[in-house]
Number of protein chains: 2
Amino acid sequence: MGGSATPKQNKRVTITDVARHAGVSVAAVSKVLRNAYGVSPGMQEKVRTAIAELDYRPQAAARGMRGRTYTIGVLLDNVRNAFFADILDGIQEELRTSEYTVLIGAAGFDPDEQAKTIRSMVDRQMDGLILIAPGTSRAEVLATAAATPTVVIGHHDGTDAHDSVVDADDTGAGLVVDHLVALGHRDIALVSAPGTKANQWKRTPEVVLTAGYRSAMERHGLAERVQVHHAAYSDEGGFKAGMTLLTDERRPTAVMAGADVAALGIYRAAHELGLRIPEDLSLVGYNNTALAALATVQLTSVDQAGHTMGSSAARMLIERVEGRRDRAMQTSMTPRLVVRGSTAALSGS
Amino acid sequence: MGGSATPKQNKRVTITDVARHAGVSVAAVSKVLRNAYGVSPGMQEKVRTAIAELDYRPQAAARGMRGRTYTIGVLLDNVRNAFFADILDGIQEELRTSEYTVLIGAAGFDPDEQAKTIRSMVDRQMDGLILIAPGTSRAEVLATAAATPTVVIGHHDGTDAHDSVVDADDTGAGLVVDHLVALGHRDIALVSAPGTKANQWKRTPEVVLTAGYRSAMERHGLAERVQVHHAAYSDEGGFKAGMTLLTDERRPTAVMAGADVAALGIYRAAHELGLRIPEDLSLVGYNNTALAALATVQLTSVDQAGHTMGSSAARMLIERVEGRRDRAMQTSMTPRLVVRGSTAALSGS
DNA sequence: TTCGTGGTGGAGAACGTTACACACAGCCTT
DNA sequence: AAGGCTGTGTGTAACGTTCTCCACCACGAA
């Protein structure tokens, strides 16, 4: 725009420059880059030094046109959920030493936005996708998975189109119910996210969690005490659910929430209603995020080994990307109860 | 690998298909896609319907070879920092209606890893970069910014190589000190991240914050009571700093931390030492993250308007990407004190 | 009629990389 | 000595876009 003499940004070093500098063909350099078959040690040496001397880095866009982009996309709805951060750490750690780069799309909760983000990733020729509890329709995910290696974390719906990593949420719910029953509680309510929203996923984490809760309650002969409330997994969502639940005539003595952050909302509601925790109400979260461990919170929660889930997902994905496996697989993690100060024996029973 | 008849994934729709289907040239379709000059309404119409009918989506890798990729990269060290989530929200919202996609790289705290991630983004031909408080060396960032439009969030070092968005951290520190002094405190300590690590940034947020703290203390005639402790911005870092600080013979009556999460670590230390908050110790965080607002926490903190910072950064970046501005600019936000239950008047003074 | 002129559409050369096909050399079998 | 491998290196056609010309047309002015 009229600036005097825009300083010509010196052109990037390309594979051709490397080839010339090393005195070999472009094809040879490409082979070394991809460590493909048919390269002698001498050639390796020559090319590698040339690359180092010129500080050459391959351009992913050009690679993407024929081969791989060495990019893995991770879709998640929202960065605030600390559990996702654990998963991310696992993914990153697994891929740190590889030549793949992880790029994250934080699409928000809107299924359409998520779908748009997934398409963006496909359009950018990413080699593989990890979708964390996608809200997008099942059909959309299956279509994507047909063309790009994909791992879905969270949803229990099995398929041979993509790999899956799940937590045994039903077992997790059972652990919580057992713990609370052992403390003498009988009126145990569950606050979970609304189930499937007609997007064809039949076994979301929430659905499985709820099923696990119900069956555990039945196992203890408490089927008629089952109380399920739906709420968004946020502080506000938990607060609203808490206000409803705790002012009900059939007020539960213990509440379990499907996410720590929702449990804290319930905490706030209890506080507002003058109920003490754990004396008047036992409260259990889910995911054992850093939140739960805070000194001032001390929330009993269920640990999901997010780190391990992430690294497993990454490992499985790379196997697929590199064609070392051609059949779908599903990995399931066993949750573990972490007891803290928010649960206590039912008093005056 | 011996699988029977790998189902040929039906090839993607390309610009050539669209051109053929619409009965026009490839060049014309390209023009419509980029809404370039020299396209008649009729042509627009024809091409757009063809695109819709074939469900065509341009392939970013191919675009990247000649023109833009319509991708914006955001670098941050760690997803757990809730303040970054606010910034991200701002960025996403600003870009939601545009044709740009935001991809996030969470590189961790290691400067080398961060540099690697920045390079990855450049290699992927991203159109623009937003770097949130990068730990990478200044030289590296300047070199990147010379070739790719870049906005740096956090660091106050001015330059004409890239745009900047900062919070007036010195003012923020002043607000806190004023507040605490008004409550009668005189021994006010600061816990902040270690300053510049020889990576050539002279005015990181920590440095500016510390300077603001010092000058506010001087302004109140408390220069000799200045006490600065360095700690990582994490629960553990805060805890360690807290243990040192609170067992010192010159124990402060108030502590301000450069990040909420560190404040919570100090909280834990205080708790462990039998100190009550706010009766025995006033505590102030920074960033006013969701953590600070939790019912069980109620931490006085400084709000940084992360959302606005993010949307400003995005807007500034797009201006540069699209060549609508060719001079660097710097945006500064004014922080605001949010008083909660963790600060109180000095008792028995 | 002739000449410009502005507005549209198209041809075709990049862009940097991969992957296919082939050439060549050296060695082992017969 | 002929033939067949095997292991290495190279030439070159893609890949799907963008973007720089260039051609064409219609129209108005001289």
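A note on names: the letters A, B, ... follow the listed sequences, proteins ahead of strands, and every chain is numbered from 1. All figures in this text were calculated on a predicted structure; none of them were measured in a lab.
Using modelled atom types, one side-chain atom of A/T71 and one backbone atom of A/T69 make a donor-acceptor pair closer than 3.5 Å. For the pair A/D86 (side chain) and A/D89 (backbone), a donor-acceptor distance under 3.5 Å is absent. Using a distance-only test at 3.5 Å, with no hydrogens or angles considered, a donor-acceptor pair links the side chain of A/T49 to the main chain of A/K46. A distance-only check finds a donor-acceptor pair linking the side chain of A/R124 to the backbone of A/S120 [under 3.5 Å].
Projected onto DNA chain C by closest heavy-atom contact, B/S25 and B/M65 fall at different nucleotides, the more 5' of which corresponds to B/S25. With the nearest nucleotide of DNA chain D identified for both A/A28 and A/Y37, A/Y37 has the one nearer the 5' end.
Nearest heavy atom pair, residue B/P111 against residue B/G135, reads CB-O, 3.8 Å. Pairing each heavy atom of B/V13 with each of B/Y56, the nearest pair is O-CD1, 3.4 Å. The shortest non-hydrogen separation linking B/M333 to B/S312 is CE-OG, 3.4 Å.
Residue B/R34 is in base contact, counting any heavy-atom pair closer than 4.0 Å across all strands shown. Within the 4.0 angstrom heavy-atom criterion, only backbone atoms of the sugar-phosphate kind lie near A/V24; the bases stay farther away.
In summary, B/R63 and B/D127 do not engage in a salt bridge, as defined by a charged side-chain N under 4.0 Å from a carboxylate O. Taking 4.0 Å as the cut-off between side-chain N and carboxylate O, B/D326 and B/R320 do not count as a salt-bridged pair. A salt bridge links B/R325 to B/D163: at least one charged side-chain nitrogen sits closer than 4.0 Å to a carboxylate oxygen.
Atom CD of A/Q59 is separated from atom C1' of C/dA14 by 13 Å (rounded to the nearest Å). Put simply, CZ on B/R124 is 17 Å from P on C/dG16, counting in whole angstrom units. Put simply, CZ on A/R68 is 22 Å from P on C/dG16, counting in whole angstrom units. Protein atom CE of B/M43 is 11 Å distant from nucleotide atom P of C/dT8, rounded to whole Å.
Between C/dT17 and A/S30, no contact under 4.0 Å exists linking OP1 or OP2 to a side-chain N or O.
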Problem set entry | salt bridge (charged side-chain N to carboxylate O under 4.0 Å, His left out) between B/D157 and B/K202, worked out | CA-CA 6 Å; B/D157 300 65; B/K202 300 255 178 279; over 6 Å; no
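Contact check of residues 45-57 of chain B against DNA chain D (heavy atom, cut-off under 4.0 Å) returns B/Y56.
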Sort me out a list of protein N/O and nucleotides 21-23 of chain C N/O pairs below 3.5 Å, or just none if empty.
none

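The nucleotide range of DNA chain D contacted by chain A, defined by atoms under 4.0 angstrom from heavy atoms of the protein and reported 5' to 3', is D/dG7 to D/dG16.
Remark: B/E53 engages B/H21 in a side chain to side chain donor-acceptor pair (under 3.5 Å) (not counting sequence neighbours).
Direction of the helix axis in the helix from C/dT1-D/dA30 to C/dT30-D/dA1 shifts by 50° between the two five-pair termini, rounded to 10°.
Counting only heavy atoms from C-beta outward, the side chains of A/L129 and A/H162 never approach each other to under 4.5 Å.
Among residues at least two apart or in separate chains, side-chain hydrogen bond (donor to acceptor under 3.5 Å, both in side chains) pairs with a member in residues 132-145 of chain A are A/R119-A/E140.
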